[in-house]
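Heads up, the thing below is written out as structure tokens.
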Amino acid sequence: MQVLEQINQWVWGAPLLILLVGTGIWLTCRLGLLQVIRLPLALRLVFKAKNEGEGDVSSFGALATALAATVGTGNIVGVATAIQVGGPGALFWMWMAAFFGMATKYAEGLLAVKYRTMDDKGQVSGGPMYYIERGLGRKFKPLAVFFAISGVLVALFGIGTFPQVNAIVSSTQSSWGVPAIVTAGIMTVLTALVTLGGIKSISKVSTKVVPLMAILYIVAALVVLFTFADQIPHAVALVFESAFQPAAAGGGFLGATVMMAIRNGVARGVFSNESGLGSAPIAAAAAKTKWPAEQGLVSMTGTFFDTIIICTLTGLTLIVTGVWQGAERGAMMTQAAFDAAIPYGSIILTLCLMLFAFTTILGWNYYGERCITYLFGVKSILPYRIVFILLIAFGAFIKLEAIWLLADIVNGLMALPNLIALLGLSGVVVVETRRYMQHLKEEKHSERTASKVAIQPVLAEDE
């Protein structure tokens, strides 16, 4: 634990935090606050994208797969851990990381489509390893290889397996008394049934489960907030106050410095929405679209849904109910918040957590598969899937602290080469964005012209 903690502090030191947020700020400036100005368009495209062009799944299917991997234990356990260690101010820094992270996620999705390719089985392959090599040039291939190796490690030993299974096991044990070995066995079988079918099978499940689980969780969290509505103004004030001054000790909370709030807020924010991590563009590359910027906009909404909406709801429920100062940890803390307002609230949360974690496992299985395909070709897919499925069974029996430290470390290693590529290819992102916006203007003009032509014969008949 001490060794892991030292490595984690080194990886997630000031340089990486500055690079993460700095990349988002740089892209925000170059794109002219695109995450604000173009958010309405992005939300419309989520359901109305034309799905023209090459690809394995629809734009919504690609987003659902990315959200399946993104909306997970980070939204429940990660937020609870961030606030427990960094205080309520950590939520503010999660917001900041997400705001600038939306520009980062946009650039990732755009580049993934622009530089995607086909593997030997005719499936789309894309993501940072491809836009590093094909965008920055062959001399940067070692950086692409480093990303792909890190991606496999995250899938196998980070977000993709251990934290998800551990969160499910701890929740089912406390809520229903289900033995860990039983839960791990069921999870292993379900994972095998879906993941062996590849991206189309994963996307099919994700498009059905992701909207359902998100709506269920949002409704439950809103019930908690309505119950404690009188505490919301104080909670929001506490978030802003604690973001810029040390959070005082109280109850089971030991106090936190501003740096602890920033570090935990940004790190847990990245763990939750994965902006800058380089994972979501692997799914975005599979979308049926001929405009890279279009899928970039769709991808951008993932960070909005994940952090601005879901993580905010989690954080506020923890603060308004006061459980953040209690003795509970991780998922138990969020369960206590739900129980304070909803009969059998812990059961509802356990169901949400199971769905969140299971879909994250599915999404990350695909991410790791694409990374290992880049490294060793399509012949490595089946061995990878078998190893991934076996590791699901072991995630139930590892200490929570070790899991989060290991996940944080490999996350940081994965983010570094991706962020370097985003900075190096920011000019390409700007050019592609202008091309797409010009296309939208011309398309709108054509529609207006066609409408006028259609009206003229009608007017002539009336005369």
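In terms of heavy atoms, Leu27 sits closest to Ala107 at CD1-CB, 3.9 Å. In this structure, Thr373 and Glu369 approach most closely via the heavy-atom pair OG1-O, 2.7 Å. The minimum heavy-atom distance between Thr104 and Ser275, with the atom names listed, is CG2-C, 4.3 Å. Residue Gly86 comes nearest to Ala261 through the heavy atom pair O-CB, 3.4 Å, listed as atom of the first residue, atom of the second, then distance. Annotation for Ala293 and Thr433: closest pair CB-CA, 4.3 Å, computed over non-hydrogen atoms. Scanning both residues, Asp119 and Arg370, for their nearest heavy atoms gives OD2-NH1, 2.9 Å.
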Using the rule given for side chain to side chain contact (heavy atoms under 4.5 Å, CB included), can you reason through Asn273 versus Ile308, listing the C-alpha separation, both sets of side-chain angles and the distance that settles it, and then say yes or no? CA-CA 10 Å; Asn273 62 54; Ile308 304 299; over 6 Å; no
Side chain to side chain contact (heavy atoms under 4.5 Å, CB included) evaluation trace for Ser125 with Tyr130: CA-CA 8 Å; Ser125 285; Tyr130 291 96; 3.4 Å; yes
When you look at Thr195 and Tyr366, which way does the side-chain hydrogen bond (donor to acceptor under 3.5 Å, both in side chains) test go after all the steps? CA-CA 8 Å; Thr195 57; Tyr366 177 69; over 6 Å; no
Step by step, would you call His439 with Trp291 a side chain to side chain contact (heavy atoms under 4.5 Å, CB included)? CA-CA 10 Å; His439 160 71; Trp291 291 101; 3.4 Å; yes
Is there a side chain to side chain contact (heavy atoms under 4.5 Å, CB included) between Met118 and Gln123 once you walk through the steps? CA-CA 5 Å; Met118 293 283 183; Gln123 283 191 322; 5.9 Å; no
Under 3.5 Å, which donor-acceptor pairs do the side chains of residues 136-158 form with other protein atoms, sequence neighbours left out?
residue	atom	partner	partner atom	Å
Arg138	NH1	Glu133	OE2	2.4
Ser150	OG	Phe146	O	2.9

List the atom pairs, with distances to 0.1 Å, where a side-chain N or O of residues 87-97 and a protein N or O form a donor-acceptor pair under 3.5 Å, not counting sequence neighbours.
residue	atom	partner	partner atom	Å
Trp93	NE1	Ala243	O	3.1
Trp95	NE1	Thr312	OG1	2.8

For residues 412-431, which side-chain N or O atoms pair as donor and acceptor with protein atoms under 3.5 Å away, sequence neighbours left out?
residue	atom	partner	partner atom	Å
Asn418	OD1	Tyr131	OH	2.5
Asn418	ND2	Glu108	OE2	2.7
Asn418	ND2	Gly276	O	2.8
Ser426	OG	Trp26	NE1	3.4
Ser426	OG	Arg30	NH1	3.1
Ser426	OG	Leu423	O	3.1

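Looking at Gln295 and Thr289, their side chains never bring a donor and an acceptor atom within 3.5 Å of each other. Using a 3.5 Å distance cut-off with no hydrogens or angles, the side chains of Trp364 and Glu274 do pair a donor with an acceptor. Counted by atom type alone, Lys105 and Thr303 present one or more donor-acceptor pairs between their side chains at under 3.5 Å.
Note that CD1 of Ile168 and CZ of Phe358 are 8.5 Å apart. Values are rounded to the nearest 0.5 Å. The line from CG of Leu318 to CG of Leu313 is 11.0 Å long, rounded to the nearest 0.5 Å. Taking NZ of Lys444 as the start and NZ of Lys441 as the end, the distance is 10.5 Å to the nearest 0.5 Å. One finds the CD1 atom of Ile348 at 13.5 Å from the CG atom of Leu353 (value rounded to the nearest 0.5 Å). Of the inter-residue distances, the one linking Ser299 atom OG with Met102 atom CE reads 11.5 Å to the nearest 0.5 angstrom. Separating the OH atom in Tyr436 from the CG atom in Leu297 is a distance of 6.0 Å, to the nearest 0.5 Å.
Leu41 is listed as a side-chain neighbour of Leu440, based on a closest heavy-atom distance under 4.5 Å. The side-chain heavy atoms of Leu63 and Leu67, taken from C-beta on, include a pair separated by under 4.5 Å. Between Thr334 and Glu328 there is no side-chain heavy-atom pair separated by less than 4.5 Å. Between Leu111 and Pro281 there is no side-chain heavy-atom pair separated by less than 4.5 Å. Looking only at side-chain heavy atoms (C-beta outward), Ile361 and Met187 come within less than 4.5 Å of each other.
Counting only distance, with no hydrogens or angles, the side chain of Arg38 and the backbone of Leu33 share no donor-acceptor pair below 3.5 Å. Remark: side-chain polar atoms of Ser380 are paired, donor with acceptor, to backbone N or O of Ile372 under 3.5 angstrom. Remark: the backbone N or O of Met260 is paired with a side-chain donor or acceptor of Asn264 at under 3.5 angstrom. Looking at Thr307, its side chain never comes within 3.5 Å of a backbone N or O of Phe304 through a donor-acceptor pair. The closest donor-acceptor contact from the side chain of Arg134 to the backbone of Tyr115 lies under 3.5 Å. Tyr384 places a side-chain N or O within donor-acceptor distance of the main-chain N or O of Asn365, the cut-off being under 3.5 Å.
Within the structure, side-chain hydrogen bond (donor to acceptor under 3.5 Å, both in side chains) contacts touching residues 205-226 (residues at least two apart or in different chains) are Tyr217-Thr314.
Partners of Thr28 by side chain to side chain donor-acceptor pair (under 3.5 Å), not counting sequence neighbours, listed by chain and number: Gln35. By the side chain to side chain donor-acceptor pair (under 3.5 Å) test, Gln2 is found to be paired with no residue, residues two or more places apart in sequence or in another chain being considered.
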